[in-house]
Student: 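Before I ask anything, let me first share the structure, which is written out below as structure tokens.
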Amino acid sequence: MAEDKARYVITGGSAAGMAAAQAITEQDLNGIITVLSEEPDMPYFRPLIPYMVTGKKSAGDMQMSGNGPYKGSGIDIHVNSRVDSVNVSERTVSINGQGNISYDKLLLATGSRPYLPPEIKGADANGVFALRTLADAKAMAERVSVTDHAVMIGGGLLNLKAAFALLERGVKVTLVVYSPEVLSQLMEPDDALLIRNALDRAGLKIKTGCSATGILSDKSGVTGVSLDDGSEMPCQMICIGKGVRPNVDFLSGSEIIIDQGIVVNRYTACNTPGTYAAGDVAVTFDPVTGERIMTGLWTNAVEMGRCAGYNMTGRKTAYSGTFGIMNATQIADEPFVSMGIVHTKNTDYEVHVRNTGSTYRKVVFSPDNDRLLGVLFIGDITGAGMYRYVIRENMPINEIKSLIINQRLHYGHFIRN
Amino acid sequence: MSQPKEIFVVMSRCTACKTCEIACAVEHSGSKNLYGAISEKPIPKSRVYVEWVAPDGKVPIVCRHCEDAPCMHACISGAISRDDEGVVITDSDKCIGCWTCVMVCPYGVIGRHLEEHKAYRCDRCPDREIPACVSSCPTEALVYQTVDAFSSDARKDVAGEMLAGEGD
Amino acid sequence: MSDELKVQEKSIDPAVQQMISKADEKGIVTVWDRYEAMTPQCGFGDTGLCCRHCLQGPCRINPFGEEPKTGICGATADVMVARGLDRAIAAGTAAHSGHAKHLAHTMMKMAKGEAKDYSIKDGDKLKAVAGRLGIAVEGREDMEIAKDVAAAALADFHEKETPVLWAATVVTPGRVKVLSDLGAVPKGIDHEVSEIMHRTLYGVDADAVNLLIAGIRCGVADLAGCYMGTDLADIMFGTPTPVVSKANMGTLKQDMVNIAVHGHNPVLSEIIVAVADDMKKEAVDAGAAGINIVGVCCTGNELMERHGIPSCTHSVSQEMAMLTGAVDAMVVDYQCIMPSVVTVAECMGTKIVTTMDLCKITGAEHIEFREEAAVEKAKEVIRVAIEVFDRRKGKPVDIPDIENTVIAGFSVESIVAALSKLDAEDPLKPLVDNIKNGNIRGVCLFAGCNNVKVPQDKNFKIMAERLLKENVLVVATGCGAGALMRHGFMDPANVDKLCGEGLKAVLTAIGEANGLNGPLPPVLHLGSCVDNSRAVALTVAVANYLGVDTDKLPVVASAAEAVSEKAVSIGVYAVAAGLPTHVGVMLPVLGSPAVTEILTDKVKELTGGYFIVDLDPESSADKLLAAIDERRKGLGL
């Protein structure tokens, strides 16, 4: 090489990309790190964007650089820089169809984009959102002033967060959910009672078992939504939350193996030399089930990104995978944690459920009752991290089983037993 | 650079009196005295937890300020960072109460302040030379030392016990 | 590891400060060192949220409202705090009344001729007490009356058909009704103590209000114990009359056999004083100039008020007396004797002599006292001191050259007698008139101990200075009196400096009328801690004179540096009597906001009295003045 300094190029300036960049700065003090983001904003904490809608945080408050573990120094960040192709043999990427830049190591962390179901007609109207970027959130915040009623299509966490942001702004909100209950990805309908009650208390209207078929609009933008039960609801804003799809289109024609997302090995490396992938765009695996999965989790993206960053610098670091489900948050006044396997209908898992009226707990053991596979805590999430540890480390649970069932586990049990 | 001090636990010395828990809550109160602290709103919180392992294990647990702090990396709002002393700090102003840190902490030492809707954890008492839990411990079960000093003391203890054993 | 308390933060008594420095130099561990070693103290105990009443315990409830929120049995913070407080009241009551019971037994032995060293020193008081109890006095021998009084006293300990007479006959008629309505008239002193132990047992009373009412009833039983203690001691050893004495460590004499009598009950120390003269020759033979008896704590107060025996030091500084190197023997009876005296004594060459079966200390010499052989035992004790002197003589001592003049001996009888010089027909009138005209804004009783958590005497001094300037008549007992006497508050020469104009005029008028050529001292010494009964008696007398109940008078009380559970029970009977009662250290009740509110506020609706818990002496004084003014207003003054 002409010089000793390694050139790291990272496509994508969100969780995985920035975490990798930060990890590289810690390992390779001489490396040249370039982060390319197609977004117009400097990297920000994406999960905070509902606060842009409520007005509680400014774009500046959400910046990654200088906050949390992100020191912000030694990283060259380019915004409005979309990578449209990768030449793995030349080790270059092309940006915005203009110039190429070369890399020694490349991280593909282009993330995902909202999935807009094609059956929903008219989704290009003004006032239709899929809250994904800070720019989306800014636009949504602006639309609030002309919005009396907003309809959220999809009952996932992202839409719930958006719904609460709008409620906080005084907008009436109706959630239209195809599933029989909200948060169907994170829990089964029977598990969601406390959450549902909290949503009701908070004033959110919910229509379940129902999906949108078309969006009505005029020159002012959205005017309503038509549903598959034949009804129509007037509204001035629609937010679609029907999941995400990985941003892999720019790799078509490259030699990088794609199977829905980018396929990587245990060390986050792709099949081509010097190429790595992390975050929403990468196909990872679930340590519990061993299945190949893709997640849209910030926390997972950071962890995988850090791992990729280390591997890119030559510090070989195995990625331990992630649960398909691993969410903590608070919806209305109800905190909950869902992780591992929590969907147990028609399975032979050993399931323990405890409902006290104010708390709900579901603990899932393997059929041979030897391993903890998943937990769902609602209301009281005390010590949740230890259960994650038990699941992830695949620990034998004989000694601590009753402690797990009763949510009485604490770290002392790990060091005294 | 001198090695930073850490809080160590000598479990054999813990009597589970929970004095550390009270001292911690008081240190993290407005008034910084017990009589004032117990009537404050929001309620001051302890960040050290004395737990019990049947039949007689007493285990004070406090944030380890992990080298690879999972909470810091998992935080979705950039509220958790590490200061120059190596202390992992939760910035309450930035915390949004999403509890992701609670979900990933394998020690279970991140608390949730329900009134304030904020996560809280050991901050090693920035206003004090010695953390309140350590200086309050009546049996010196909590020790504030560098890793080197603590492990060297531990070696000496073992040596002392061996010598005592020989004298028997 | 905590910062070492500066000497000034330990005590404001200059003599004590000198001795603290000496202890530091000599590496002798004192109460302040042990306090430092104990800090920070357990927050559960501090807030009353620690319970060891059963073997499932110990339990502790989180004072911040987190788990655990109840004890294992389910006792709430309210219940736990109320139970703990009740037990403290019971302990205090047991102690005061135990002291009184001891005197009653002594009186009975005396009346039966079994304790020939005791006699009736105040026949008038005997008859007055008998009369109050409904015991016939006409044409009867004093010893016969005494036997009946002693029997009545002993009868007051157990449940019987009448309520506790020493409670029911010593308060205003109105107060009897208030207490009856509340169910707070004690049936028997020991019965109430015992019942507290029962109801605070595992799985009995779990209603904080009910527990507190029982506590008040027990507190009233404590008043009975105190009152009985005063009455019987006055009868056998004389009712105090004003007497000149000295206080502080300067009262120790290098060339004399110094005997510090420490504790509470005068039953032994009176005899020691009585036989000291007889023993002088033995002392002189050993090379001493004589025998010097000094008091520590309330044994000191008892001897001072009756005989003018000087007080050496008090309460938290009891170890310091020995640091002088001049105390040959410290003779103790019971209560408030820190076990550590033995350790300090060992370092300083002092001999600790315990004398009572219920109060032995490992390392002390025990000479079991018997009333039947009182003189003989007293002499035996003095001989121990002479022996120690024999070894000590000629060696250097560090006696701080500090002593204060004290006028002590203000019993209700002697106060009335002094007032009668102003108005022979109606002796209370001058006092009441001066209260009405504002020369006396109100009355404050300072009582209780010195607590290591407070720089010794600081709260007493600051509060008394403030109240005296505001023309509050200050009376004092126990180690509160001890504190004030060591700072010149009982020296008439300081009236000018300390007292407001109105108070000064009253104290001067009474003093002049009694031929003192000057005023009474700024603070009136009412005696020991059982002699808090004298403060109640004085308050009741004024209330009856005015035809109102005691909760209407501008009378307040303060245990500004309380330590003992006895201070808790005294505080409770002060509140039961209707007085705003200040405590200058924290009671272990904060763990229950409900109990705290009852004690500091709601109890007002029941008895008219209430606790003021405030650790700051300045604001405490403000609150007492405000309470006084509120009551004056209530009386239309």
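Fair warning: this is a prediction, and the values are worked out from it, not measured in the lab. Residue numbers start from 1 in every chain, and the chains themselves are labelled A, B, ... in the order their sequence lines are given, proteins ahead of strands.
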Student: Quick one: what part of A/F336 sits under 4.5 Å from any heavy atom of chain B, side chain, backbone, both or neither?
Tutor: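 Neither part, no heavy atoms under 4.5 Å.
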
Student: What do the steps show when you test A/I415 against B/M11 for side chain to side chain contact (heavy atoms under 4.5 Å, CB included), and what is the final call?
Tutor: CA-CA 10 Å; A/I415 47 182; B/M11 279 188 292; 4.1 Å; yes

Student: Which region of A/M64, side chain (C-beta onward) or backbone (N, CA, C, O), has a non-hydrogen atom less than 4.5 Å from a non-hydrogen atom of chain B, or is it both or neither?
Tutor: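 Neither part.
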
Student: Could you check whether B/D68 pairs with A/R306 (Lys NZ or Arg NE/NH1/NH2 to Asp/Glu carboxylate O, under 4.0 Å)?
Tutor: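 Judged by the 4.0 Å cut-off on N to carboxylate O distance, B/D68 and A/R306 do form a salt bridge.
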
Student: Would you compute the distance between atom CH2 of A/W298 and atom OG of B/S77 and round it to the nearest 0.5 angstrom?
Tutor: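 Reported to 0.5 Å precision, the distance equals 10.0 Å.
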
Student: Can you confirm whether B/E115 is buried at CD, in the sense that more than 12 heavy atoms of other residues, nucleotides or ligands lie under 6.0 Å from that atom?
Tutor: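 Check passes, neighbour count above 12.
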
Student: For the interface with chain A, which of B/I96, B/I61, B/I89 has the highest count of heavy-atom pairs at distances below 4.5 Å?
Tutor: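 Among B/I96, B/I61, B/I89, the one with the most close pairs to chain A is B/I96.
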
Student: Heavy atoms under 4.5 Å from chain A: which residues of residues 98-108 of chain B carry them?
Tutor: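 The residues closer than 4.5 Å to chain A, in numerical order, are B/C98, B/W99, B/T100, B/V102, B/M103, B/V104, B/C105, B/P106, B/Y107, B/G108.
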
Student: Within a 6.0 Å radius of atom CD on A/Q185, are there more than 12 heavy atoms belonging to other residues, nucleotides or ligands?
Tutor: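 Count not over threshold, so no.
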
Student: Report which part of A/M326 has an atom under 4.5 Å of a heavy atom belonging to chain B: side chain, backbone, both, or neither.
Tutor: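 Answer is both: backbone and side chain atoms of A/M326 are under 4.5 Å from chain B.
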
Student: Go through the steps to decide whether B/H73 and A/E303 satisfy the test side-chain hydrogen bond (donor to acceptor under 3.5 Å, both in side chains), and finish with yes or no.
Tutor: CA-CA 7 Å; B/H73 296 295; A/E303 200 172 6; over 6 Å; no

Student: Nearest 0.5 angstrom please: A/H413 NE2 to B/W52 CH2, how far?
Tutor: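 Between A/H413 NE2 and B/W52 CH2, I get 8.0 Å after rounding to 0.5 Å.
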
Student: Could you look at B/I80 and say if it's the side chain, the backbone, both or neither that has a heavy atom under 4.5 Å from chain A?
Tutor: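 The backbone, not the side chain.
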
Student: Measure A/N327 against the heavy atoms of chain B and call it side chain, backbone, both or neither at under 4.5 Å.
Tutor: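 Just its backbone gets close to chain B.
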
Student: Heavy-atom pairs under 4.5 Å with chain A - which of B/P70, B/G78, B/S81, B/A79 has more of them than the others?
Tutor: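 Option with the greatest count: B/G78.
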
Student: Would you mind reporting whether A/H410 and B/V53 have side-chain heavy atoms less than 4.5 Å apart?
Tutor: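 A side-chain contact under 4.5 Å exists here.
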
Student: Under the ring-ring contact (aromatic ring centres under 6.0 Å, His included) rule, what pairs show up with a residue in residues 378-403 of chain A, not counting sequence neighbours?
Tutor: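 Residue pairs with at least one partner in residues 378-403 of chain A: A/F377-A/Y387, A/Y389-A/F414.
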
Student: Walk me through whether A/D380 and B/R112 qualify under side chain to side chain contact (heavy atoms under 4.5 Å, CB included).
Tutor: CA-CA 10 Å; A/D380 179 7; B/R112 292 180 303 127; 3.8 Å; yes

